[in-house]
Amino acid sequence: MKKKLATLAASLLLTFDTLPVFAHHGWTYFDTSRAYYLEGHIVSVRWGNPHPEIVLRPISVSSVPDLSRVEMPPAESGLLRTMPALPIPSSIQALPTDGAEYVIVLAPPSRLSDWGMTESDTGSGRRLRMVGYLACDDGHEFRPEVVILDDNRAVRQRSVPVPPTPCS
């Protein structure tokens, strides 16, 4: 009986200990009512599940650069899901930065691999450009819809429609 209680207690502790991680990375955690453009240089990378995270030193930009030459990810139909096209939102604005570093939360590694992005694309010092959203409670956490790599490849970061989530 004591062994069963200890096992149950350990299971509950592990469950509650990991809940913030899952809640922290869902699309509803980000303010999807405002799309931003952000670019910068990679400081460090933690590549792994559930989401790779990049620490980015931002480059201050006053306006969104011309992205018309970037081929954005088209809609894709697969066996299990249809992924929406990812056009550049018309309401996108340059993210005003304060010089502090940003944590960039990417899609899971297996999806990134399927979409053409690997850990080798995220070396320290490399430049990334992206379109995405700020976290509701952390002005330095960013979830991109798309990441534009040095070679101008645009890599999708989502496979589902983004839920409308204005922060309250």
Side-chain angles (χ1 to χ4, degrees), residues 14 16-67 69-73 83 86-89 91-163 165-168:
L14 288 173
F16 289 115
D17 187 43
T18 60
L19 282 178
V21 171
F22 293 119
H24 203 69
H25 293 107
W27 282 105
T28 57
Y29 174 74
F30 296 86
D31 182 356
T32 60
S33 68
R34 293 187 202 144
Y36 290 105
Y37 172 84
L38 175 64
E39 74 175 87
H41 292 97
I42 297 171
V43 174
S44 64
V45 178
R46 185 204 55 80
W47 194 270
N49 287 311
H51 297 271
E53 291 183 353
I54 291 174
V55 175
L56 188 83
R57 182 176 302 113
I59 297 171
S60 181
V61 295
S62 57
S63 62
V64 177
D66 179 12
L67 299 174
R69 292 190 183 135
V70 175
E71 187 175 334
M72 298 298 284
M83 292 182 283
L86 298 179
I88 297 168
S91 62
I92 188 174
Q93 52 191 292
L95 181 64
T97 60
D98 59 7
E101 295 174 343
Y102 285 76
V103 173
I104 311 302
V105 180
L106 299 178
S110 61
R111 289 191 184 153
L112 291 174
S113 177
D114 289 346
W115 298 331
M117 185 175 180
T118 65
E119 186 174 3
S120 65
D121 292 313
T122 60
S124 181
R126 293 186 82 168
R127 182 178 74 130
L128 292 180
R129 298 175 290 158
M130 59 200 79
V131 175
Y133 310 99
L134 283 174
C136 288
D137 68 353
D138 183 344
H140 291 96
E141 186 170 3
F142 192 82
R143 180 87 188 256
E145 276 199 69
V146 66
V147 170
I148 305 164
L149 303 172
D150 280 341
D151 61 4
N152 223 29
R153 280 185 295 138
V155 180
R156 73 172 49 249
Q157 297 294 309
R158 68 174 172 93
S159 58
V160 297
V162 170
T165 310
C167 298
S168 48

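- A heavy-atom distance below 4.5 Å is found between the side chains of Arg57 and Glu101.
- Partner of Pro52 under the side-chain contact (heavy atoms from CB on, under 4.5 Å) criterion, chosen from Leu112, Ile104, Val105: Leu112.
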Determine whether Met117 and Arg156 satisfy the following criterion, side-chain contact (heavy atoms from CB on, under 4.5 Å), listing intermediate values before the conclusion.
CA-CA 9 Å; Met117 185 175 180; Arg156 73 172 49 249; over 6 Å; no

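- Here the side chains of Val146 and Gln157 are not in contact, with every heavy-atom distance at 4.5 Å or above.
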Can Tyr37 and Ile88 be said to form a side-chain contact (heavy atoms from CB on, under 4.5 Å), step by step?
CA-CA 10 Å; Tyr37 172 84; Ile88 297 168; over 6 Å; no

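- The local environment of CZ in Arg153 is crowded, with over 12 non-hydrogen atoms from other residues, nucleotides or ligands closer than 6.0 Å.
- Between His140 and Ala100, the closest heavy-atom pair is NE2-CB, 3.5 Å.
- Taking every heavy atom of both residues into account, Phe142 and Tyr36 meet most closely at CZ-O, 3.7 Å.
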Could you go through Leu149 and Val155, starting from their C-alpha distance and side-chain angles, then the distance that decides it, and tell me whether this counts as side-chain contact (heavy atoms from CB on, under 4.5 Å)?
CA-CA 8 Å; Leu149 303 172; Val155 180; 3.9 Å; yes

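- Judged by distance alone, with hydrogens and angles left aside, the side-chain atoms of Thr165 form no donor-acceptor pair with the main-chain N or O of Thr32 at under 3.5 Å.
- Contact record, Phe30 with Cys136: C-SG, 3.9 Å, taken as the closest heavy-atom pair.
- Pro144 pairs in a side-chain contact (heavy atoms from CB on, under 4.5 Å) with only one of the listed residues (Leu106, Leu86, Val131), which is Leu106.
- Between Arg111 and Ser159, the closest heavy-atom pair is NH1-OG, 3.6 Å.
- Rounded to the nearest 0.5 Å, atoms CG (Leu134) and CG (Asp31) are 7.5 Å apart.
- Atom CD1 of Ile59 and atom CG of Leu56 lie 8.0 Å apart (nearest 0.5 Å).
- By the 4.5 Å heavy-atom criterion applied to side chains, Trp47 and Pro109 are counted as neighbours.
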For residues 122-130, tabulate all N or O donor-acceptor pairs below 3.5 Å that involve a side-chain atom, not counting sequence neighbours.
unit_1, atom_1, unit_2, atom_2, d
Thr122, OG1, Glu119, O, 2.6
Ser124, OG, Val43, O, 3.4
Arg126, NE, Asp150, OD2, 3.4
Arg126, NH1, Ser120, O, 2.8
Arg127, NH1, Glu39, OE2, 3.2
Arg129, NH2, Asn152, OD1, 2.6

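- Here the shortest heavy-atom pairing between Arg34 and Tyr133 reads O-CD2, 3.2 Å.
- Atom CD in Glu53 sits 9.5 Å away from atom OG in Ser44 (nearest 0.5 Å).
- A donor-acceptor contact shorter than 3.5 Å links the side chain of Asp121 to the backbone of Thr118.
- Interatomic distance, Thr97 OG1 to Leu38 CG, rounded to the nearest 0.5 Å: 7.5 Å.
- Closest approach of Gly139 and Tyr102 over heavy atoms only: O-CE2, 3.3 Å.
- At distances below 3.5 Å, not a single donor-acceptor pair connects side-chain atoms of Arg46 with backbone N or O atoms of Val55.
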